[in-house]
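Contents: one structure, followed by commentary.
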2 protein chains.
Amino acid sequence: MAKLGIKDIAAISGVSPATVSRTLRNPGIVSEETRKKVMKAVEEGGYTPSRFGANLRTQKSGNIIVVMPDITNQVNAGIIRAIERQAQKAGYSILLGDTQGLIEREKHYASMAQSGQADGVLLFTYHMPFNLNHNQPVLKQLPPIVNSCESIPIEGISKVMIDNVSGARTAVEHLLSLGHKRIAAVMGPTDTPSTVERFDGYKSALSNAGIEIDEQLIIRGDYGLDSGMGAMEQLLKLRMRPTAVFCFSDDMAIGAMSVLQENGFRIPQDISIMGFDDIRYARLMTPALTTIHQPLEEIGKACIELLLEQLDGKSEPGRYVELPFTLMVRQSTGPVPVDR
Amino acid sequence: MAKLGIKDIAAISGVSPATVSRTLRNPGIVSEETRKKVMKAVEEGGYTPSRFGANLRTQKSGNIIVVMPDITNQVNAGIIRAIERQAQKAGYSILLGDTQGLIEREKHYASMAQSGQADGVLLFTYHMPFNLNHNQPVLKQLPPIVNSCESIPIEGISKVMIDNVSGARTAVEHLLSLGHKRIAAVMGPTDTPSTVERFDGYKSALSNAGIEIDEQLIIRGDYGLDSGMGAMEQLLKLRMRPTAVFCFSDDMAIGAMSVLQENGFRIPQDISIMGFDDIRYARLMTPALTTIHQPLEEIGKACIELLLEQLDGKSEPGRYVELPFTLMVRQSTGPVPVDR
DNA sequence: TGCTTGGCTGTAAACGTTTTCAAATCTGCA
DNA sequence: TGCAGATTTGAAAACGTTTACAGCCAAGCA
């Protein structure tokens, strides 16, 4: 038996295809009697409406594409989980775009959106992968886009962010309040907006405290575990070691802690470690990692809400939502050692 | 200017829509001259073929749906990343189905596949979410399915697995070889095949060593961090504490380690901890976690390969691929304490 | 020259829905 | 009973491709 189409169901239940469609999409407008007939045929035939026809007719895919640099990262994973749940509630599916940092892959996903494979795009990377074709009225042509985590400097797309500058400043101020003066920064990739912003926060906190920046204490990382290890190794070689290290991600902080403990340093008695993100493992480290909490669930929710509003035409693009971070003081930070 | 369709491009370049389609899908069969004309029009018009029409015509969505219990889990995230990369190479997109353990969501994704929203399904959950409609010739109706991680007891679907029984046995044998006799097991959800299998391995290793199973040392967890903490707390209350704890996941092991260290126990001098999975954080714990390595990348690759072969009709369903695990001996396991 | 072959292209059908429009039926009220 | 309006239904068009089939033309060959 071949797969049944709407026409078959129509024939079986003795109505027109239009009525079958109505019964399924908008049961309220068909009579009780017809509805029963149709539903019976639908169930007995095991009919599932093909999405292809519907997509073509309505020009909607029911998909949202999420473009992320790395889904393996706890921050991204946490956000996309929230997104998926909310999207499903609203009847949308999530197309996963893991770019692994490659621009070409970002473009690939952008073109998927443009070919109708998705109705909207959630951008967590820091490039603008869409071809802003010069012949055309630019943004109007694009599907709705919401940008989060890494702020893309383009007018007219909605954003969901935390205040990275304040977040980093808060982190550093926490260390300053413990008496630290030599505070290292382990940064993410320096071409990411988040790193630039967090570095701004770091600098502003130090300058407010009248402390000059020591270039030796600024290390470039890539947000990953290994780069945290490498950074710490580098810092340990310094003649004048830092008394506290502010890592721009928890992963790097965890890497740093591991190197420190490997080398017999006590945290926080010898060196304080501060992270950023508050991934689920942070509180389980020994010592538990002091960090800046990002509200992943809320970020995901806000992203999808902004996008859905645009898809429903209820809202203009270009909106900006800022979510609060929280300083989580745990055991990996402590007073500056007295003997130094 | 409205969005251009294939007919517009055809008109602009003075050929038929068929030729435009051929130029894009199968450039080899059109003449050099036409190809140039068409490509020029395509580029100048910024034309991207709509997927809707193509999908309808070819009855293919170009999507693969991945059904997972929780994408936030490092194991799943690692696998899906590999899947996504391979799928994209083959021209497929990944639809993310994060079920959060809910059967209804699994069914939802199954029905998406049946309505043509995906050409194939990768199942990492442990239910069979498809309605095996009694009226119909069962499996033939379903899209190709590959099952991994949690083995679903259904004939005729392909599988990619590691040998959980041997993996767990290897883990326990490692502990036995260090002289441990009181070895606790912190299990996953007891209705998951992986937990059942690992528990089998645990029992078989102990029984081979002539050690009787102590029910007090068997704790039920859920593979998550918190359940590892809870399990450890429970074990610490015991009058006769275990000298080693085998956790069925790294997350639970990390939770257990945290509780242990919080309470002043030394690992492995007082208690040895063993995990399963080898997530990226395992080697960065202090002490580094001894565990069973799962080849996530290879699992993902194998899944997609099996599925693609079925989609291409090159291979029958029902194949079984087994991938090797590896014992990673690190610092969290050591000889049984002499003083006990 | 006439015929065949092969390369390239065009015509038109088909994929499976949704939705507009109009027609048919029913309801309630005068 | 007659009519306005509401409710329910059907016919048909449209969505944008791909592809089977047929046709055309040039080239090669006898």
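Chain A is the first sequence line, chain B the second, and so forth, proteins listed ahead of strands; every chain is numbered from 1. All figures in this text were calculated on a predicted structure; none of them were measured in a lab. Below, all heavy atoms of this structure are taken into account, side chains as well, without hydrogens, waters or symmetry copies.
Rounded to whole Å, atom P of C/dG16 lies 9 Å from atom NZ of A/K3. As rounded to whole Å, 13 Å separates atom P of C/dT19 from atom CG of A/L24. Going from atom CG of A/L4 over to atom P of C/dC15 covers 14 Å, rounded to whole Å. Atom CD in B/E32 sits about 11 Å away from atom P in C/dC8, given to the nearest Å. The separation between B/Q117 atom CD and C/dG16 atom P is 16 Å, rounded to whole Å. Atom-to-atom, NZ of A/K37 to P of D/dT9 comes out at 8 Å; the value is rounded to the nearest Å. The nearest whole Å value for the distance from the CD atom in B/E33 to the P atom in C/dT9 is 8 Å. With rounding to whole Å, A/K7 atom NZ is found 9 Å from C/dA14 atom P.
When distances run from any side-chain atom of A/T58 to the nucleotides D/dT17, C/dG10, C/dT19, the shortest one goes to C/dT19.
Taking 4.0 angstrom as the limit, A/S50 places none of its side-chain polar atoms (N or O) nearer than this to OP1 or OP2 of C/dG16. Within the structure, every side-chain polar atom (N or O) of A/S16 is placed at least 4.0 Å from both OP1 and OP2 of D/dT9. Regarding contacts with the backbone of C/dG7, every side-chain N or O of B/S31 stays at 4.0 angstrom or more from both OP1 and OP2. At the phosphate of C/dG16, neither OP1 nor OP2 sits under 4.0 Å from any side-chain N or O atom of A/Y47.
Side chain A/R57 to base C/dT18: a donor-acceptor pair is found below 3.5 Å. Counting atom types as modelled, A/R22 pairs a side-chain N or O with a base atom of D/dG10 as donor and acceptor under 3.5 Å.
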Discussion item. Could you walk me through whether B/I145 and B/I154 satisfy the side chain to side chain contact (heavy atoms under 4.5 Å, CB included) test, starting with their C-alpha distance in whole Å, then the side-chain angles of each, then the deciding distance to 0.1 Å, before giving a yes or no?
Written reply: CA-CA 11 Å; B/I145 300 174; B/I154 293 260; over 6 Å; no
Worksheet entry | Trace of the side chain to side chain contact (heavy atoms under 4.5 Å, CB included) decision for A/D70 with A/T99 | CA-CA 7 Å; A/D70 179 12; A/T99 65; over 6 Å; no
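For B/S61 and B/D119, the side-chain atoms include at least one donor-acceptor pair closer than 3.5 Å.
Using a 4.5 Å heavy-atom cutoff, the side chains of A/I304 and A/L122 are in contact.
We find that B/E150 and B/K159 are not joined by a salt bridge, their nearest charged nitrogen and carboxylate oxygen being 4.0 Å or further apart.
Annotation: of the two residues near DNA chain D, B/P49 and A/T34, the 5′-most nearest-nucleotide partner is A/T34. Heavy-atom distances to DNA chain C give each of B/V30 and B/Q59 a nearest nucleotide, and the one nearer the 5′ end belongs to B/V30.
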